[in-house]
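Residues: numbered from 1 along the sequence shown.
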Amino acid sequence: MKRVLLGFLVVAALALVTVFFGYRTWLRSWLESDGFRHRVEVELAELLGAKAQLAAIRVPSPDSLYTDRFHASGSPLVELLLAEQVRADVRLALLSRSATVEHAEVARVRLRLGAGRPRAGKPASEVHGPVELRGDIRIHRLDLAWPGGALERVALKVAPASKEWLLSAEGGLLQPGSAPAWDVQKATARYRDGALHLTDAHLRQGPTGEATLSGKFEGGALPEVVASFKGVPVEEYLPQDWRARLSGQVEGRATWKAEGRQRVLEGVGHLTGGTLAALPMLEHVALVTQMDAYRKLPLHLATASVRQVGERVEIRDLLVESNGLLKVEGALLTIAKGQISGEVQLGVPAAALRLLPGAKTKVFTTERGGYLWATVRLSGSAFHPQEDLSSRLAAAAVTESAGAVRDGVLEGARGVLDVVTPMIPKGLLPY
């Protein structure tokens, strides 16, 4: 009897070993089969709303899957998705012939978005196919491009939640079109029903520039974004010929939103630590007024609010001052297709007008806050506007004394008005 029982146990043990190794062989064969790969492709295509193609699946161990490449395209929103070196930790359900992904690692993802709306897909929590995602995905490098911008070299974590995806990112570079790039510190977002809700993103630019963003991005719709910023070097946003002339740091707040089918930008900005120098017009002013302080103007106050709708930019509440030397106030300036129109109030100290005959009596006729004021109308190029002050000063000088206008006086007067032009950031103009 003992021999029979021992023999039975030996046979049973051999059978279990055979079944175990047979199961592992069958499991590996099933997971590496074209049939299983095709079922995964179908589920991923439905999830993304795009055509999906998966390279051969390999099974390094019974609880992990690996593929060299995953490719998706053909969606109005997802023009291209390429994932390389994908490894997934899985939990297998034999009876249902399915696998649950507990965690996944991706070496690199390249994603190019279009301007269309996404096709109807499924949130991760509602995908019930041969592979279900229940854990997080870590992407070691994400390179994302969209019409008008790019996000490069970002480390991204994606986790499924109830009917949505949760995203967190660190590092990388944000390139907003032709504007200067920003370093990404960290960002968090939610993706649901084809819309990305950016909870917050912290960016840096240079040694002092900082910005915080939040908003909503949806395929086929204009983005809604709120941004606050400080310490941003103004030189980076100026034309090349102004970068050596104006310095300082910009801080403020801006919003991008949709009004009908138009994109609207509204914001307010302040320039701190500003200096205006190395301008030929300042040399003229210093020469005419015999005041060397005009050769390098510290800007103690510079602020304005901006509203842009399409190609039309409105600058309101403009206020620029170099204490005791110059002050500019503007209620409304309009820029359309690079051309400016409107008027400003220009204030200068009486000492700056002492060599301009007729200036005090016929042009700068209002005294307020320690300055003499004149209304100046602007037109022409937004960065180098034409003004009517020079002709008025010339007429006043002729009337006052036919021989009173010295060489360089008109050029100096024209130069003073150019002070307003660098206060209009290049990035806000529609050209």
Side-chain angles (χ1 to χ4, degrees), residues 173-183 203-212 227-254 267-287 289 291-306 313 315 317-330 333 335 338 340 344 346-349 352 371 378 381-385 387 411-412 414-429 431:
L173 194 69
L174 173 63
Q175 181 63 64
S178 59
W182 289 82
D183 293 316
L203 312 176
R204 290 193 63 88
Q205 188 176 84
T208 59
E210 298 180 19
T212 302
S228 60
F229 49 90
K230 64 179 180 179
V232 180
V234 69
E235 300 93 322
E236 297 295 327
Y237 293 85
L238 295 173
Q240 191 64 41
D241 60 342
W242 274 100
R243 293 185 179 182
R245 301 171 179 176
L246 180 65
S247 62
Q249 298 176 357
V250 180
E251 64 177 82
R253 181 180 176 86
V268 59
H270 310 272
L271 182 68
T272 60
T275 301
L276 189 62
L279 285 175
M281 67 91 176
L282 292 179
E283 296 295 329
H284 286 301
V285 174
L287 178 64
T289 63
M291 298 174 65
D292 286 342
Y294 281 104
R295 299 181 189 277
K296 185 176 182 179
L297 282 175
L299 301 179
H300 301 97
L301 180 63
T303 182
S305 61
V306 177
V313 180
I315 300 176
D317 306 320
L318 176 68
L319 184 57
V320 180
E321 183 173 21
S322 180
N323 291 345
L325 295 174
L326 176 140
K327 191 171 184 178
V328 177
E329 297 178 352
L333 296 174
I335 301 171
I340 191 170
V344 297
L346 174 63
V348 295
Y371 296 101
L378 303 178
S381 167
F383 273 97
H384 301 283
E387 39 72 27
E411 185 65 31
R414 181 180 295 109
V416 172
L417 261 295
D418 279 347
V419 171
V420 73
T421 63
M423 307 325 307
I424 307 169
K426 182 181 180 183
L428 300 180
L429 300 181
Y431 59 88

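- Between Ala352 and Val348, the closest heavy-atom pair is CB-CB, 4.4 Å.
- The two residues Leu318 and Ala304 have their closest heavy-atom pair at CD1-CB, 3.9 Å.
- Within the 3.5 Å criterion, the main-chain N or O of Gly177 finds a donor-acceptor partner in the side chain of Gln175.
- Residues Met291 and Leu325 are in side-chain contact: their nearest non-hydrogen atoms beyond the backbone lie under 4.5 Å apart.
- Between atom OG1 of residue Thr212 and atom NZ of residue Lys230 there is a gap of 8.5 Å, rounded to the nearest 0.5 Å.
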#### Entry: Step-by-step side-chain contact (heavy atoms from CB on, under 4.5 Å) determination, Leu299 to Thr275
CA-CA 5 Å; Leu299 301 179; Thr275 301; over 6 Å; no
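- Residues satisfying the side chain to side chain contact (heavy atoms under 4.5 Å, CB included) test with Glu321, not counting sequence neighbours, are Leu301, Asn323, Lys327, Tyr371.
- The shortest non-hydrogen separation linking Ser247 to Val234 is C-CG1, 3.8 Å.
- Val320 is not listed as a side-chain neighbour of Val344, based on a closest heavy-atom distance of 4.5 Å or more.
- A pairwise comparison of heavy atoms in Pro349 and Gly324 identifies CG-O, 3.3 Å as the closest pair.
- In terms of modelled atom types and a separation under 3.5 Å, the side chain of Ser305 and the main chain of Val268 share no donor-acceptor contact.
- Side-chain atoms of Thr303 come within 3.5 Å of backbone atoms of Gly269 as a donor-acceptor pair (strictly under, hydrogens ignored).
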Determine all donor-acceptor pairs shorter than 3.5 Å in which one atom belongs to a side chain in residues 204-211; sequence neighbours excluded.
from	atom 1	to	atom 2	distance (Å)
Arg204	NH1	Glu210	OE2	3.1
Arg204	NH2	Pro207	O	2.9
Gln205	OE1	Tyr237	OH	3.4
Gln205	NE2	Ala181	O	3.1
Gln205	NE2	Tyr237	OH	3.2
Thr208	OG1	Gly231	O	2.7
Thr208	OG1	Gln249	NE2	3.4

### Query
Checking side-chain contact (heavy atoms from CB on, under 4.5 Å) for the pair Leu326/Leu346: CA distance, chi angles, key distance, verdict?
CA-CA 8 Å; Leu326 176 140; Leu346 174 63; 4.1 Å; yes
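- Taken to the nearest 0.5 Å, the CD1 atom of Ile340 stands 4.5 Å off from the CD1 atom of Ile335.
- Side chains of Asp183 and Leu173 form a contact here, defined as non-hydrogen atoms less than 4.5 Å apart.
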